[in-house]
Amino acid sequence: MFDLSVIFDIGVVALRIIMPVYAIVIVYQCYAAMRRRRRPEKPLVTLYNMQTGLKLPVLFWENSIGRSKGSDILIDDPAVSRNHCVLLRRKEGWFVNDTGSKSGTYVNGRKTNGRTRVLINDTITVGNSSFEFRRGEEYDEKIRASWFFSRVSSKPAIKSWKLMLLITIFHFFMCVEAMFWNDGTNAESPLVMFGALAAVEWGFFFVSTIILRRVNFELESLALFLTGIGVIILVRQAERSAYVQLIAASVGMAVFCVLIKLIEDPDKVIKLRIPMMIAAVGLLLLSIVFGRVTNGAANWIYIGSISVQPSELVKIIYIFIGASALDKLQTNKNLIEFIIFSAICVGLLAVMGDFGTALIFFMTFLLIAFMRSGDFKTIILAVAAAVFGVTFVLKFKPYVADRFSAWGHVWEHTQDNGGYQQARVLTYIASGGLFGVGIGNGFLKQVAASESDLVFGLVSEEMGVIVAITLAIAVGALVIYARAITTRSRSTFYSISACCAAGLLVTQLSLNVFGATAILPLTGVTFPFISSGGSSIISCWGLIAFIKAADERTYAVKR
């Protein structure tokens, strides 16, 4: 006769070993599917030099033409300006737009003024060079993809519904852990939470694939995987917070869908820049006027029992404003407007005392400024201004420096505010080992902010270091993915916004993980998708909408 307790113990150990491997498989399948189901890299059209017989492939929806080495289409002609013009594709067809060149841009011998339509077999003249506008099939040389995600794999991608099923089963296994590895109270609550989570996940999948008719669901699957882990981790810590997190995630999914539709036409986005700027500044001012100081920062607004963090929503607007179409960037390299807006945002965050978010905004500003201008002088100037600002803050607000007093000396401050949290994170990460102690069995949940600022430590303790690092890699790899897909984006607006959204998420991830583990000072920012916080998860879903929009399949391909 078998001893059921022995069988149960074996099952518990087996599940703890399976979960890290299972998490790696899911993250791998998500990114592998992102790489597949893509058209081969080939020219959209060809520019044929009638004098020399040279054929130039046009690979992107927006292409800079000029003598600069940074141009998408490089013309070796002294009469061509460094940034001469932009050749771009829209739903209505192809257009060329001169960007302030000295000699002008001509189509069929007529000088262009603003965006000018270009048809097959038309002649485009820049400087002393004339090109016939031909179909892409006429370029017969092989183009070699330079980025991992740009290379088309011959292997079939996993079906979206199968990927979703893998994720659902993983969340069910987490539910099983939470049900049986506890003190015996409310054993059914994780199961109820799992049912609600599964309903939301599959409901979103149905809306995306059946109603919106999207053929690719890999990025959303990855976000759902991370979101579900954050929700179930909360069940044994604060059940009400778990349901609030799930509701907020549902709102975030709605924001995701609305934002993708809103930015479908990059030309119309430009008209919303000023209203968005006003809205962003207004939200931050609301925090200053009505915000309640929490953990040293007045960044929370309470409406009854509901709390909102406006700065999280401003992250979406900030990237929305920072990006723009290529022909607009080429004709207006002056970043004064965006610099002023950025300075106002960072300044208001500093007044609130939310220096972690201010740092995220500043790092995002550097990325946007460089992608817009390609000018290192702008970056150096911005960094110099930031150093001055930090010095100013430390001089007139010396208490801010107290947050850094324990940095590098955590074990000397294990019983005071300087190192109490980080010391316990390091201790409980070690106790969790590779496979964790089981969901609900950790001790870090007794420490303040364990479900938000310290959630990397909580996941490490309860699910193991392997799972925690896998989740961090899952978010971090978004930068590689975003950079790769931007080569086929329909607009520079999508390229800049996708790279900057991914950069913002990774900056936030780094501050959270390195802050919790005492590599950096603790800044109080969240782990994307995992940390508890309704405003944070809505912001994360809004940010990945920019990455989704940069994928050429999002708007070009439907069922």
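Note that the structure is a prediction, hence the values are computed from the model and not measured. Worth knowing before you read on, the calculation uses all heavy atoms, side chains too, and leaves out hydrogens, waters and symmetry mates.
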A.B. asks: In Å, rounded to the nearest 0.5 Å, how long is the span from CD of Q245 to CD1 of I247?
C.D. replies: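 Those atoms lie 10.5 Å apart.
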
A.B. asks: To check you understand the geometry: which heavy-atom pair defines the closest contact between K548 and L219, and what is its length?
C.D. replies: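 Minimum heavy-atom contact is N-CD2, 3.7 Å.
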
A.B. asks: Any non-hydrogen side-chain atom of M463 less than 4.5 Å from a side-chain atom of M174?
C.D. replies: yes

A.B. asks: Give, for atom CD1 of I466 and atom CD1 of I17, the distance between the pair rounded to the nearest 0.5 Å.
C.D. replies: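 The CD1 atom of I17 is 9.5 Å from CD1 of I466, to the nearest 0.5 Å.
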
A.B. asks: Apply the test side-chain contact (heavy atoms from CB on, under 4.5 Å) to residues L222 and M34: give CA-CA distance (whole Å), side-chain angles for both, the deciding distance (0.1 Å), then the verdict.
C.D. replies: CA-CA 10 Å; L222 182 66; M34 291 177 192; 4.2 Å; yes

A.B. asks: Should L313 and I317 be marked as a side-chain contact (heavy atoms from CB on, under 4.5 Å) after you check the CA-CA gap, both sets of side-chain angles, and the distance that decides it?
C.D. replies: CA-CA 7 Å; L313 306 180; I317 301 176; 5.8 Å; no

A.B. asks: Specify the closest pair of heavy atoms between V467 and A23, including all atoms of both residues, with the distance to one decimal.
C.D. replies: CG2-CB, 4.5 Å

A.B. asks: Using the side-chain contact (heavy atoms from CB on, under 4.5 Å) rule, take T364 and T507 through it: C-alpha gap first, then chi angles, then the decisive distance, then the call.
C.D. replies: CA-CA 8 Å; T364 307; T507 301; 5.6 Å; no

A.B. asks: State, yes or no, whether a side-chain contact exists between K162 and Q29 at a heavy-atom distance under 4.5 Å.
C.D. replies: no

A.B. asks: Give every donor-acceptor pair under 3.5 Å between a side-chain atom in residues 526-538 and any protein atom, sequence neighbours left out.
C.D. replies:
from, atom 1, to, atom 2, distance (Å)
T526, OG1, Q508, NE2, 2.9
T526, OG1, S536, OG, 2.8
S531, OG, S452, O, 2.7
S531, OG, F527, N, 2.8
S535, OG, Q309, N, 2.9

A.B. asks: With sequence neighbours left out, which residue pairs that include part of residues 246-263 fulfil the side chain to side chain donor-acceptor pair (under 3.5 Å) condition?
C.D. replies: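 Of all non-adjacent pairs touching residues 246-263, those that pass side chain to side chain donor-acceptor pair (under 3.5 Å) are K261-E264.
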
A.B. asks: How many angstroms lie between atom OG of S311 and atom CG of L286, to the nearest 0.5 angstrom?
C.D. replies: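 These two atoms lie 12.0 Å from each other.
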
A.B. asks: Should L224 and W541 count as side-chain neighbours, where that means a heavy-atom distance under 4.5 Å?
C.D. replies: yes

A.B. asks: Taking the side chain as every heavy atom from C-beta outward, state whether C30 and L163 have any pair of such atoms under 4.5 Å apart.
C.D. replies: yes

A.B. asks: What is the distance from atom CE of M179 to atom CD1 of I439, rounded to the nearest 0.5 Å?
C.D. replies: 12.5 Å

A.B. asks: Does E62 pair with R90 as a salt bridge, N-O distance under 4.0 Å?
C.D. replies: yes

A.B. asks: Is it true that a side-chain atom of E461 and a backbone atom of S431 form a donor plus acceptor pair closer than 3.5 Å?
C.D. replies: no

A.B. asks: Looking only at heavy atoms, what is the nearest atom pair of I547 and A482, with distance?
C.D. replies: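 Looking at all heavy atoms of both residues, the closest pair is CG2-CB, 4.4 Å.
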
A.B. asks: Where the side chain of R424 meets the backbone of L444, is there a donor-acceptor pair that is under 3.5 Å apart?
C.D. replies: no

A.B. asks: Under the side chain to side chain donor-acceptor pair (under 3.5 Å) test, which residues partner S450, sequence neighbours left out?
C.D. replies: Q237

A.B. asks: Would you give the length of the straight line joining atom CG of L522 to atom CG of N512, rounded to the nearest 0.5 angstrom?
C.D. replies: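 One gets 8.5 Å once the value is rounded to the nearest 0.5 Å.
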
A.B. asks: Start with the C-alpha distance between L259 and F546, add both sets of side-chain angles, then the distance that settles side-chain contact (heavy atoms from CB on, under 4.5 Å), and finish with yes or no.
C.D. replies: CA-CA 8 Å; L259 192 55; F546 291 113; 4.0 Å; yes

A.B. asks: Keeping E312 on the side-chain end and S539 on the backbone end, is there a donor-acceptor pair under 3.5 Å?
C.D. replies: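 No.
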
A.B. asks: Can you see which heavy atom on G438 is nearest to which on E177, and at what distance?
C.D. replies: CA-OE1, 3.7 Å

A.B. asks: Do Y31 side-chain atoms and L478 backbone N/O form a donor-acceptor pair below 3.5 Å?
C.D. replies: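 Answer holds: yes.
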
A.B. asks: Quick check: closest heavy atoms across Y243 and A196, and the distance to 0.1 Å?
C.D. replies: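 Of all heavy-atom pairs spanning Y243 and A196, the closest is CE2-CB, 4.5 Å.
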
A.B. asks: Quick one: does Q422's side chain have a donor or acceptor within less than 3.5 Å of a partner on G515's backbone?
C.D. replies: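 Here the side-chain-to-backbone pair exists.
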
A.B. asks: If you define the side chain from C-beta out and look only at heavy atoms, does anything of L284 sit under 4.5 Å from C345?
C.D. replies: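 Contact flag for L284/C345 side chains = yes.
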
A.B. asks: Could you name each residue pair satisfying salt bridge (Lys or Arg N to Asp or Glu O under 4.0 Å) that touches residues 429-438, not counting sequence neighbours?
C.D. replies: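 Sorted result for residues 429-438: empty, none.
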
A.B. asks: Donor-acceptor pairs under 3.5 angstrom involving side-chain atoms of residues 164-173: please list them, not counting sequence neighbours.
C.D. replies:
from, atom 1, to, atom 2, distance (Å)
T168, OG1, M164, O, 2.9
T168, OG1, W202, NE1, 2.9
H171, ND1, E201, OE2, 3.0
H171, NE2, F225, O, 3.1

A.B. asks: Who are the ring-ring contact (aromatic ring centres under 6.0 Å, His included) partners of F361, not counting sequence neighbours?
C.D. replies: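 Partners of F361 under the ring-ring contact (aromatic ring centres under 6.0 Å, His included) test: Y318.
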
A.B. asks: Whether the side chain of Y494 engages the backbone of I263 through a donor-acceptor N/O pair (distance < 3.5 Å, no angle test) should be reported.
C.D. replies: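 A pair under 3.5 Å: yes.
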
A.B. asks: Mind listing the closest non-hydrogen atom pair of N441 and V437 along with its distance?
C.D. replies: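 N441 and V437 have their closest heavy atoms at ND2-O, 3.2 Å.
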
A.B. asks: Is F256 close to F204 at the side-chain level, that is, under 4.5 Å between some pair of heavy atoms?
C.D. replies: yes

A.B. asks: Closer than 3.5 angstrom, by distance alone: can the side chain of E462 be matched with the main-chain N or O of G440 as a donor-acceptor pair?
C.D. replies: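 Yes, E462 side chain to G440 backbone: donor-acceptor pair under 3.5 Å.
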
A.B. asks: Less than 4.5 Å apart, side chain to side chain, heavy atoms only: is that true for L458 and L454?
C.D. replies: no

A.B. asks: What is the distance from atom CE of M253 to atom OG of S208, rounded to the nearest 0.5 Å?
C.D. replies: 11.0 Å

A.B. asks: Any side-chain heavy atom of I344 within less than 4.5 Å of one from M277?
C.D. replies: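 No, their side chains stay 4.5 Å or more apart.
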
